[in-house]
Chemist: 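Let me begin by handing over the structure; questions about it come next.
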Amino acid sequence: MASPPINVLVLTGAGISAESGVPTFRGADGLWEGHAIEDVATPEGFARRPQSVHQFYNQRRKQLQHADVAPNAAHLALAEFEQAVMSPHTADDHESANQFLLVTQNIDNLHVRAGSQRVLPMHGELLKVRCIDTDEVFDWTDDLSLDTPHPQDPSNPRARGRLRPHVVWFGEMPIGLDRIARAASTADVFLAIGTSGLVYPAAGIVRQTSPACRRIEINLDDTPASSVFDETIRGKATVEVPQLLD
Ligand code: BV8
């Protein structure tokens, strides 16, 4: 008899990219050191000093594209797990009845580079920019400044500097909240990896899962949400994620 479909929801935070060389926010080398959140990750901060916010993201965009920064064993294990969950079980199934969604708070592109397909970057993407006037989104790997020509109107000097990072700042609406709520309410398994559980609404997703959902937290340390999980695995993501999923 065919096994019932299984719905998997994964939430990742900065801790899954730490071993790829991308600094976490609250670790000793956290990004926020030397930068107050309100100065570099809020619309007000951008309105006050747009150039210093551009420099903050230019530095991170450059760092993310450094040759030494690549998906690690945890990213790769998640991509393989997604393939296994989503592959048809029998020859006559043209597609799996299972569901899989990887929600990430990270704005790096390491999950996609690892081969994950069903990725929802709820806090935006570092390698994308958005037009302040039209909300149109563009892939972007270079620096941004107040003099950056508009990709659609490069010769118009008045269109310069109208781009912002396509990331969700504090006080701004995260991306895909309805889709996340639906996935959480039907999840059979919820896996939270490398997140401190301090930033909402991401930190509240675990509480949107049903009582029947198996909730697993992988982190170096306890978090404010640890008590809500059925299972807490303490250790490095590159060790614990492959071990749990293989
Ligand atoms: C919203 C993108 C409203 C930018 C980010 C007062 C005023 C205004 C808002 C609020 C307020 N009080 C509360 C709020 C809500 C606010 C919030 O939660 N603030 C916190 C600080 C209290 N949230 C918001 O503003 C959100 N929007 O509420 O809008 C609204 C709602 C509806 C409709 C309209 C409006 C928006 C939040 C998104 C902000 N943007 N990022 C950028 O990246 O520059 S948040 C940013 O910080 C990350 O994306 C991430 O989400 C967060 C950091 O969290 P983590 O990923 O968990 O990383 P962290 O470093 O904290 O932890 C790492 C963990 O990994 C640790 O636990 C560590 O132990 C572990 N770890 C480390 N190494 C490893 C490891 N684990 C395993 N292996 C390892 N090797």
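Start at 1 and go down the list; that is how both ligands and their atoms are numbered.
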Chemist: Kindly identify the option in Glu38, Arg60, His123 whose heavy atom sits closest to atom 43 (O) of ligand 1.
Modeler: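 Closest candidate by heavy-atom distance is Arg60.
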Chemist: Going by the order shown, which atoms of ligand 1 are within less than 4.0 Å of some heavy atom of Lys236?
Modeler: 78 (N)
Chemist: Could you work out, with side-chain hydrogen bond (donor to acceptor under 3.5 Å, both in side chains) as the rule, every residue matching Trp140, not counting sequence neighbours?
Modeler: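 Testing Trp140 for side-chain hydrogen bond (donor to acceptor under 3.5 Å, both in side chains), a comparison that skips the adjacent residues, returns none.
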Chemist: Is Pro174 in polar range of ligand 1, meaning some N or O pair under 3.5 Å apart?
Modeler: no
Chemist: Is it the case that the side chain of Glu44 and the backbone of Glu38 share a donor-acceptor pair, with hydrogens and angles ignored and the cut-off at 3.5 Å?
Modeler: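 Checked: no pair found.
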Chemist: Could you tell me whether the side chain of Arg61 and the main chain of Asp142 form a donor-acceptor pair under 3.5 Å?
Modeler: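 Side chain of Arg61 to backbone of Asp142: a pair is present.
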Chemist: With a 4.0 Å heavy-atom cut-off (strictly under), which part of Ala41 contacts ligand 1: side chain, backbone, both or neither?
Modeler: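 It is neither; nothing of Ala41 touches ligand 1.
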Chemist: Examine the side chains of Asn72 and Thr238 and answer whether a donor and an acceptor come within less than 3.5 Å of each other.
Modeler: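 There is no such pair between these side chains.
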Chemist: Same cluster for Leu163 and Leu146 if Ile/Leu/Val/Met/Phe/Trp/Tyr side chains link at under 4.5 Å?
Modeler: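 Cluster IDs for Leu163 and Leu146 differ.
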Chemist: Could you tell me whether a side-chain N or O of Gln83 sits under 3.5 Å from a main-chain N or O of Ala79, the two making a donor and an acceptor?
Modeler: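 No; zero donor-acceptor contacts below 3.5 Å.
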Chemist: Report yes if some N/O of Val168 lies less than 3.5 Å from some N/O of ligand 1; otherwise report no.
Modeler: yes
Chemist: Does the distance from a Lys or Arg side-chain N to an Asp or Glu carboxylate O, for Arg234 and Asp222, drop under 4.0 Å?
Modeler: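 Yes.
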Chemist: For atom 59 (P) of ligand 1, which candidate among Ser196, Gly15, Gly204, Ala202 holds the nearest heavy atom?
Modeler: Ser196
Chemist: Would you mind listing which atoms of ligand 1 come within a distance below 4.0 Å of any non-hydrogen atom of Asp221?
Modeler: 69 (O)
Chemist: Closer than 4.0 Å to some heavy atom of Gln105 - which atoms of ligand 1 meet that?
Modeler: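 This gives 48 (C), 49 (O), 50 (C), 51 (O) as the contact atoms.
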Chemist: Within the side chain of Asn98, is there an N or O that forms a donor-acceptor pair under 3.5 Å with the backbone of Met86?
Modeler: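 It does not hold such a pair.
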Chemist: Relative to the heavy atoms of Gly194, which atoms of ligand 1 are at a distance of less than 4.0 Å?
Modeler: 63 (C), 64 (C), 65 (O), 76 (N)
Chemist: If you count the atoms of ligand 1 from 1 in the order shown, which ones are under 4.0 Å from a heavy atom of Tyr57?
Modeler: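 The atoms of ligand 1 under 4.0 Å from a heavy atom of Tyr57 are 4 (C), 42 (C), 44 (O).
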Chemist: Which of the atoms of ligand 1 are close to Val199, meaning less than 4.0 Å from one of its heavy atoms?
Modeler: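 Selected atoms, number and element: 18 (O), 37 (C), 47 (O), 52 (C).
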Chemist: On the 0 to 90° scale, with breaks at 30° and 60°, tag the Tyr57-Trp169 ring pair as parallel, tilted or perpendicular.
Modeler: tilted
Chemist: Out of Ile107, Asn219, Leu220, Asp222, who gets a non-hydrogen atom closest to atom 69 (O) of ligand 1?
Modeler: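 Closest candidate by heavy-atom distance is Asn219.
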Chemist: Answer with yes or no whether Gly124 contacts ligand 1, where contact means a heavy atom under 4.0 Å from a ligand atom.
Modeler: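 Per 4.0 Å heavy-atom rule, Gly124 does not contact ligand 1.
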Chemist: As a check for students: among His35, Glu172, Glu125, Met122, identify the option with a heavy atom nearest to atom 1 (C) of ligand 1.
Modeler: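 Comparing heavy atoms across His35, Glu172, Glu125, Met122, the nearest one to atom 1 (C) of ligand 1 lies in Glu172.
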Chemist: Is the closest basic N to carboxylate O distance between Arg214 and Asp188 below 4.0 Å?
Modeler: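 No, no charged N to carboxylate O under 4.0 Å.
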Chemist: Please identify which atoms of ligand 1 are closer than 4.0 Å to at least one heavy atom of Gly235.
Modeler: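 Under 4.0 Å from Gly235, ligand 1 has these atoms: 77 (C), 78 (N).
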Chemist: Is Met173 close to ligand 1, meaning an N/O of one under 3.5 Å from an N/O of the other?
Modeler: no
Chemist: By number and element, which atoms of ligand 1 are closer than 4.0 Å to a non-hydrogen atom of Glu19?
Modeler: 78 (N), 79 (C), 80 (N)
Chemist: Between the side chain of Ser210 and the main-chain N/O of Ser185, is any donor-acceptor distance below 3.5 Å?
Modeler: no
Chemist: On a heavy-atom basis, I'd like to know which of Tyr200, Phe170, Trp169 is closest to atom 26 (C) of ligand 1.
Modeler: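 Selected option, by shortest heavy-atom distance: Tyr200.
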Chemist: Of the side chain and backbone of Leu198, name the one, both, or neither that has a heavy atom under 4.0 Å from an atom of ligand 1.
Modeler: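 Under 4.0 Å from ligand 1, Leu198 contributes backbone atoms alone.
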Chemist: With nothing but distance in play, are any N or O atoms of Ala14 less than 3.5 Å from an N or O of ligand 1?
Modeler: yes
Chemist: Donor-acceptor pair, distance only, cut-off 3.5 Å: does the side chain of Asn219 make one with the backbone of Gly194?
Modeler: no
